Amino acid sequence: MAEQIVVYNTMTRRKEVFQPQERGKVSIYVCGVTPYNEPHIGNARPFVTWDTIRRFFERIGYEVYYVQNFTDVDDKIIRAAHEQNVSWKEIADRYIAAYFQALDALNVRRANVYPRVSETIPEIIAMVQGLIEHDYAYALEGDVYYSVEKFAGYGKLSGRTLEDMLAGARVEVDERKRNPMDFALWKAAKPGEPSWDSPWGKGRPGWHIECSTMSLKFLGEHFDFHGGGSDLIFPHHENEIAQSQAYCGDPHSFARYWVHNGFITIHAEKMSKSRGNFFTVADILKKYPGEVVRFFILQTHYRSPLDFSDDRLQDAQAGFARLETAKENAIVLIEREGTSDTAKGLAAAARAAQSAFYEAMGDDFNTALAISYLFAVAKDINVYYNDVINRGVAFDAENFSTVRQVFDDMTDIIGILEAPAERDMKEDAAVAALIEERLAARKAKNWVRADEIRDELKVKGILLEDSAAGTRWKRI
RNA sequence: GGCGACAUAGCCAAGUGGUAAGGCCGAGGUCUGCAAAACCUCUAUUCCCCAGUUCGACUCUGGGUGUCGCCUCCA
């Protein structure tokens with residue numbers, strides 16, 4: 001399955017066949033967040049996306065090494081610390097914790113390492129020094145700047161030239177810099193800011209250098225994927241390339257495939273902290289389960305913009321509920337025994353759907369298409385459930401187990417429906433007692449009492465569903 | 001101003017040079033004591049507009065319109 005994987009590479013602007021640096025292994029570096037406030041849903045998109053990509057690679061037999069950094073030394077963190085009168089470290093720790101909490105709720109599995117800038121200072125200093133030695137950078141009154149003119153390939157990722165950039169110059173010109181586009185590798189310390197000793201005096205790393213350093217530290221000079229939101233293409237990723245390739249002296253070093261996700265928007269406009277038009281993951285989770293939010297994100301291809309709204313989340317929830325029902329139906333069925341061959345065709349269809357699913361995932365991680373095959377299997381499960389439970393069709397344990405495995409395999413990759421669906425079907429003894437009472441009432445054709453019980457539970461947010469196999473309930 | 005992306009049904013959203021996946025909503029139906037859930041049927045002669053290439057384009061080319069993004073922190 002999925003013999004060939006193609007990936008859209010921002011660098012070349014087209015899909016390319018994926019060839020791992022090292023056979024059977026995939027190395028991934030994804031730019032993490034600057035932890036200075038609550039993560040919003042837009043921040044979460046790349047991590048849900050990459051978690052899914054990672055699951056897919058692992059499922060088809062690759063060994064994945066996934067690195068994601070935290071930029072915990074930064075202007076915005078320092079500002080927040082001053083405003084709240086706490087240490088920068090406290091701000092960073094607090095929001096890193098909030099960030100993990102959000103990702104856990106979205107079923108995002110942990111990366112292999114989460115390096116932080118504050119823990120990578122010696123390596124960063126060494127890299128900056130190396131860039132100076134190679135004449136790609138220059139020190140200036142305690143700052144160190146990267147000299148973009150020295151790097152021939154500057155602009156190759158974002159598809160622009162230095163001339164283009166200067167033409168549209170919205171950068172404030174610092175006369176000391178050799179070129180207006182030169183960017184800081186190291187910033188001289190200002191009073192009240194965290195700083196570290198360096199050959200250029202006390203200071204701290206500039207933005208960009210940390211990712212070059214960390215990827216080199218954990219993944220080496222060559223690795224497979226580098227990801228993040230498309231707002232990072234320029235200048236962040238462009239500068240990383242300039243730093244890393246200049247440092248290694250190899251124009252082919254660094255990431256081989258650049259994968260950028262589209263934005264989450266609100267009323268078609270980019271959601272961002274600076275615009276203030278964002279919804280935090282925590283707030284959304286008050287209204288919707290994390291799995292629904294995850295499903296919502298993955299129903300759109302990662303490169304497309306995704307407009308966020310309550311209505312759309314509700315639509316996603318409705319679709320998700322049907323998958324959930326299929327999962328529950330499968331669980332009810334699988335407990336049965338049966339040696340017929342009534343699910344033979346279903347098993348074949350499920351295998352076909354599975355193969356189509358993998359093909360979709362292998363084509364630039366097309367989760368939207370892949371999910372359509374998940375729905376196909378869900379429908380088959382539901383039809384079969386009705387056949388067996390309500391229409392007396394003989395059960396086919398062997399073939400149905402194939403169908404069920406396929407379904408679970410797909411949901412595992414998408415990263416949904418992981419919690420056992422039985423969870424809310426048993427717990428509450430009081431509900432079970434009422435269901436018993438209602439069953440008795442129904443047997444006695446006491447519809448008034450039966451409906452009374454159903455309405456009573458409904459008020460409590462519990463929905464009853466009758467079938468020939470009994471009554472089950474769920475929270476709404 | 002420079003660079004780039006996108007434009008598919010009521011809503012969301014895949015997709016291909018050969019005649020439009022899937023989801024949501026809506027209508028009708030099956031099942032059910034009634035519901036709910038599930039399932040079935042229906043719901044774009046058509047893919048922003050105009051040219052061109054082609055036997056054939058929604059898919060390629062050119063132009064236009066619109067929306068969005070990057071160029072400043074940003075996932």
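In what follows, chains carry the letters A, B, and so on, assigned in the order in which the sequence lines appear, proteins first and then strands, with residues in each chain numbered from 1. Since this is a predicted model, take the numbers as computed values, not measurements.
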Sugar-phosphate, base or nothing in reach of K445(A), heavy atoms under 4.0 Å: nothing
Centres of the Y95(A) and Y36(A) rings: under 6.0 Å? no
Using the P atom as the point on both nucleotides, what is the distance between A38(B) and G23(B), in whole Å? 12 Å
Separation between the P atoms of G22(B) and G29(B), rounded to whole Å: 24 Å
Quote, to the nearest angstrom, the C1' distance that separates U67(B) from U8(B). 15 Å
Are Y373(A) and S355(A) close enough that a side-chain donor and a side-chain acceptor fall under 3.5 Å? no
Taking only the side-chain heavy atoms of A368(A) (C-beta and beyond), determine which of A36(B), A14(B), G69(B) contains the nearest atom. A14(B)
Of the non-hydrogen atoms in H40(A) and F279(A), which two are nearest, and what is the gap between them? CB-O, 3.1 Å
Quiz question: going by heavy-atom distance under 3.5 Å, is there a donor-acceptor pair between the base of A75(B) and the side chain of R45(A)? no
Between the side-chain atoms of D466(A) and the base atoms of C34(B), is any donor-acceptor pair under 3.5 Å? yes
Return yes if the base of G15(B) and the side-chain atoms of N366(A) contain a donor-acceptor N/O pair under 3.5 Å, otherwise no. no
Polar pair under 3.5 Å, donor/acceptor by atom type, side chain R312(A), base C24(B): no
At under 4.0 Å between heavy atoms, what does G42(A) touch on the DNA or RNA strands: base, sugar-phosphate, or nothing? base
C49(B) and C58(B): how far apart are their C1' atoms, nearest whole angstrom? 14 Å
Side chain of R275(A), heavy atoms from C-beta onward: which of C24(B), C34(B), C70(B) has the nearest atom to it? C70(B)
Atom C1', compared across U16(B) and A57(B): separation rounded to whole Å: 10 Å
So, OP1 or OP2 of C40(B): does either fall under 4.0 Å of a side-chain N or O from K379(A)? yes
Counting only N and O atoms by type, is there a donor-acceptor contact under 3.5 Å from the side chain of T300(A) to the main-chain atoms of I297(A)? no
If the P atom of A20(B) is compared with that of A35(B), how far apart are they to the nearest Å? 38 Å
Do R472(A) and N329(A) have side-chain atoms, one donor and one acceptor, less than 3.5 Å apart? yes
In Watson-Crick or G-U wobble terms, both distances under 3.5 Å, what is the partner of C47(B)? none
Under a 3.5 Å limit on both distances, the Watson-Crick or wobble mate of C11(B) is G23(B)
Counting the atoms with a prime plus P, OP1 and OP2 as sugar-phosphate, which does H236(A) contact under 4.0 Å by heavy atoms, base, sugar-phosphate, or nothing? nothing
Whom does U53(B) pair with, Watson-Crick or G-U wobble, provided both distances fall under 3.5 Å? none
Using the P atom as the point on both nucleotides, what is the distance between U43(B) and C55(B), in whole Å? 34 Å
Looking at L185(A) and I209(A), what are the two nearest heavy atoms and their distance? O-CG2, 3.7 Å
Looking across every strand, which nucleic acid part, if any, lies under 4.0 Å from I233(A) by heavy atom: base, sugar-phosphate, or nothing? nothing
Salt bridge check: are K344(A) and D396(A) linked by an N-O gap of less than 4.0 Å? no
Taking any heavy-atom pair under 4.0 Å as a contact, classify E269(A): base, sugar-phosphate, or nothing. sugar-phosphate
So what does I264(A) hit on the nucleic acid, given a heavy-atom distance under 4.0 Å: a base, only sugar-phosphate, or nothing? base
Short side-chain N/O contact to C70(B) OP1/OP2 from R160(A), under 4.0 Å: no
A75(B), A38(B), C34(B): which one has an atom nearest the side-chain heavy atoms of M271(A)? A75(B)
Closest listed nucleotide, where the reference is the side chain of T325(A) and the choices are A21(B), A75(B), A38(B): A38(B)
When rounded to the nearest Å, what value does the distance between C1' atoms of G10(B) and G62(B) take? 34 Å
Assign R13(A) to base, sugar-phosphate, or nothing according to its heavy-atom contacts below 4.0 angstrom with the strands shown. sugar-phosphate
